[in-house]
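Everything on this sheet refers to the single structure shown next.
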Amino acid sequence: NDPVVAIVGVTGAVGAEFIATMDKRGFRVGKLKALASARSAGKTVSFRGQPVVIEELGEHSFDGVDIALFSAGGGISKKYAPIAVKAGAVVVDNSSAFRMDPNVPLVIPEINANRIRDHKGIIANPNCAAITALVPLWPIHQKNRIKRVIISTYQAASGAGAAAMEELVESTRANLNGQVFTPKVMPHPYAFNLFNHNTTVDPETGYNDEETKVIKETRKIFEDEKIAVGVTCVRVPVLRAHCEAITFECEKPITEDQVRAIMAQAPGVKVVDDRAKNYFPMPIDASGQDDVLVGRIRKDLSDPSGHSISMFVAADQLLKGAALNAVQIAELLPQRVMA
Ligand code: A2P
């Protein structure tokens with residue numbers, strides 16, 4: 001029998017992509033349970049041409065469910081993921097609630113699919129900025145250990161949900177019409193502006209939560225507590241797909257040709273690196289694509305020892321950064337009936 005799949009947060013930006021990704025990849029679903037808040041209960045979503053009535057998430061939502069995909073925020077995951085596990089479901093959680101729990105595998109299938117079998121009911125989907133950096137860095141790290149990496153992000157509105165995407169569009173329109181727009185979702189004006197990532201800033205360290213997630217999750221996923229990670233996370237007025245400038249230093253010398261050759265073979269990576277045409281990874285090209293686009297591969301001139309490389313990457317935050325990675329994990333579960 002095909003599995004019963006629940007989507008928690010089905011009306012959200014990631015929720016919509018769970019449905020689209022399962023459809024696109026031919027993920028077999030016996031029955032879909034569409035779950036969201038009371039606000040959405042009774043409305044419908046379309047799955048494989050059929051309307052599915054949205055139910056309000058509750059204590060009994062997971063009875064009979066085999067696989068539950070969560071993307072409704074950390075608070076909802078904390079409360080309902082254990083309930084889903086008790087009901088017999090395997091949870092793939094897109095929130096940060098369980099990522100650093102030592103009993104919860106934190107999985108990017110291209111890197112550590114082997115960890116899925118350790119799960120005790122919950123598997124965590126990593127932070128989107130971490131996934132975007134780590135998919136291309138992993139094959140390099142395996143050949144020539146990365147000692148230190150510095151990441152600067154250019155993060156899209158999609159990472160903050162559907163309401164933030166709407167706010168970007170509405171505030172841009174208001175700006176162009178000469179109207180005053182008061183931000184409701186984001187902490188600062190978003191149109192024609194950019195700002196520090198909208199997560200809490202640690203008063204001691206000065207790092208925002210997103211940055212702390214990237215540092216901790218890199219170490220957990222790479223199983224390398226010593227890798228040094230420096231990161232600055234910024235929200236930019238792009239609707240969808242994150243970009244990152246990445247500079248890394250390896251244990252042994254490394255050339256840009258070596259990195260290019262590794263990237264050409266790397267799963268989940270597409271090289272976009274045309275110097276003559278000045279054509280490199282852009283969010284507009286990454287949007288709707290499964291691969292992490294990698295380009296601007298070049299020697300880091302600030303390290304004359306030849307151990308360091310800089311590059312620029314772009315990935316669809318809603319796909320590889322969220323829904324696609326989660327569905328890839330679900331595809332590897334035994335609950336899944338292979339097509
Ligand atoms: P709803 O649309 O009913 O509010 P996004 O990440 O795009 O902001 O989406 C958040 C998702 O989480 C939406 O599907 C939203 O449903 C859902 N959600 C928010 N609060 C709750 C809640 N209390 N119970 C269930 N789902 C929730």
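Just so you know, ligand 1 is whichever comes first in the structure, and atom 1 is the first atom listed for that ligand. One is the number of the first residue; the rest follow in order along the sequence.
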Under 3.5 Å: N/O of G9 near N/O of ligand 1: yes
message: Please report whether ligand 1 has a polar contact with A162, defined as an N or O pair separated by less than 3.5 Å (distance criterion only).
response: yes
query: If you measure from atom 12 (O) of ligand 1 to every heavy atom of G75, A72, S61, G12, which option wins on shortest distance?
result: A72
message: As a quick check of understanding, evaluate side-chain hydrogen bond (donor to acceptor under 3.5 Å, both in side chains) for E251 and N144, giving each step before the final call.
response: CA-CA 6 Å; E251 243 161 28; N144 185 350; over 6 Å; no
message: Please classify the T11 to ligand 1 contact at 4.0 Å (heavy-atom distances, strictly less than): side chain, backbone, both or neither.
response: both
field: Short N-O contact, D23 and R48, less than 4.0 angstrom
entry: yes
query: Once the angle between the rings of F62 and F70 is folded into 0 to 90°, is it parallel (under 30°), tilted (30 to 60°) or perpendicular (over 60°)?
result: parallel
message: As an exercise, identify every atom of ligand 1 less than 4.0 angstrom from a heavy atom of V10.
response: 14 (O)
- prompt: Which heavy-atom pair separates G268 from V135 by the least distance, and what is that distance?
  reply: O-CG1, 3.8 Å
message: Would the distance check show the side chain of T132 and the main-chain N or O of C128 forming a donor-acceptor pair, the cut-off being under 3.5 Å?
response: yes
query: Nearest heavy-atom pair of Q155 and T153: which atoms, and what distance?
result: OE1-OG1, 2.8 Å
query: Among the heavy atoms of I76, does any lie under 4.0 Å from an atom of ligand 1?
result: yes
query: Hey, which atoms in ligand 1 end up nearer than 4.0 Å to a heavy atom of S40?
result: 1 (P), 2 (O), 3 (O)
task: Under 4.0 Å from a heavy atom of R39: give me the atoms of ligand 1 that qualify, with their elements.
output: 4 (O), 19 (C), 20 (N)
query: Based purely on interatomic distance, does L57 place a nitrogen or oxygen under 3.5 Å from a nitrogen or oxygen of ligand 1?
result: no
- prompt: Do we get R235 above F195's six-membered ring, with its NZ or CZ under 6.0 Å from the centre and within 45° of the axis?
  reply: no
statement: Within 4.0 Å of some non-hydrogen atom of G161, the atoms of ligand 1 are 5 (P), 6 (O), 7 (O), 8 (O)
